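Just so it is clear, the structure is predicted and the values come from calculations on it, not from any experiment. Excluded from the calculations below are hydrogen atoms, water molecules and symmetry mates; all remaining heavy atoms, backbone and side chain alike, are included.
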Amino acid sequence: MSWYHYLLGAILIIASIIITIVVLMQEGRSQNLSGAIAGGAETFLGKSKGRTIEAKLEKITKWLIVIFFAVVLVAFLIFLFIG
């Protein structure tokens with residue numbers, strides 16, 4: 001195996017771990033409904049702060065997944081044509 005096999009493998013492993021951590025940090029969609037049904041009291045500032053953090057985490061997740069798939073595509077093409 002060449003050095004780029006190891007490099008691409010390490011990048012993919014690190015990216016998958018980071019994606020997993022970022023996804024686990026996000027709030028579930030059902031938590032908003034349970035808070036409304038149970039009468040959870042949140043202040044206005046608390047709601048907007050949570051939304052901005054959630055929005056940032058969603059944006060980070062989308063970019064990480066795009067980068068991950070780009071690296072997978074590059075790795076596939078390199079392994080296909082170079083070997």
Applying a strict under-4.5 Å side-chain criterion to I, L, V, M, F, W and Y, I'd like to know whether [X] and [Y] cluster together.
| X | Y | result |
| --- | --- | --- |
| Ile13 | Trp3 | yes |
| Ile78 | Leu12 | yes |
| Ile11 | Tyr4 | yes |
| Ile21 | Ile18 | yes |

For Ser16, which residues count as a side-chain hydrogen bond (donor to acceptor under 3.5 Å, both in side chains) partner, sequence neighbours excluded? none
For Met25 against Glu54, the heavy-atom pair lying closest together: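 So the minimum-distance heavy-atom pair works out to O-OE2, 4.4 Å.
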As a test of understanding, state which of Ile60, Ile53, Leu57 forms a side chain to side chain contact (heavy atoms under 4.5 Å, CB included) with Gln26.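 The passing option is Leu57.
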Per-pair distances, 0.1 Å, donor-acceptor, side chain in residues 64-76, under 3.5 Å, sequence neighbours excluded:
none

What is the distance from atom OG of Ser2 to atom CG of Leu7, rounded to the nearest 0.5 Å?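 Going from the OG atom of Ser2 to the CG atom of Leu7 covers 11.5 Å.
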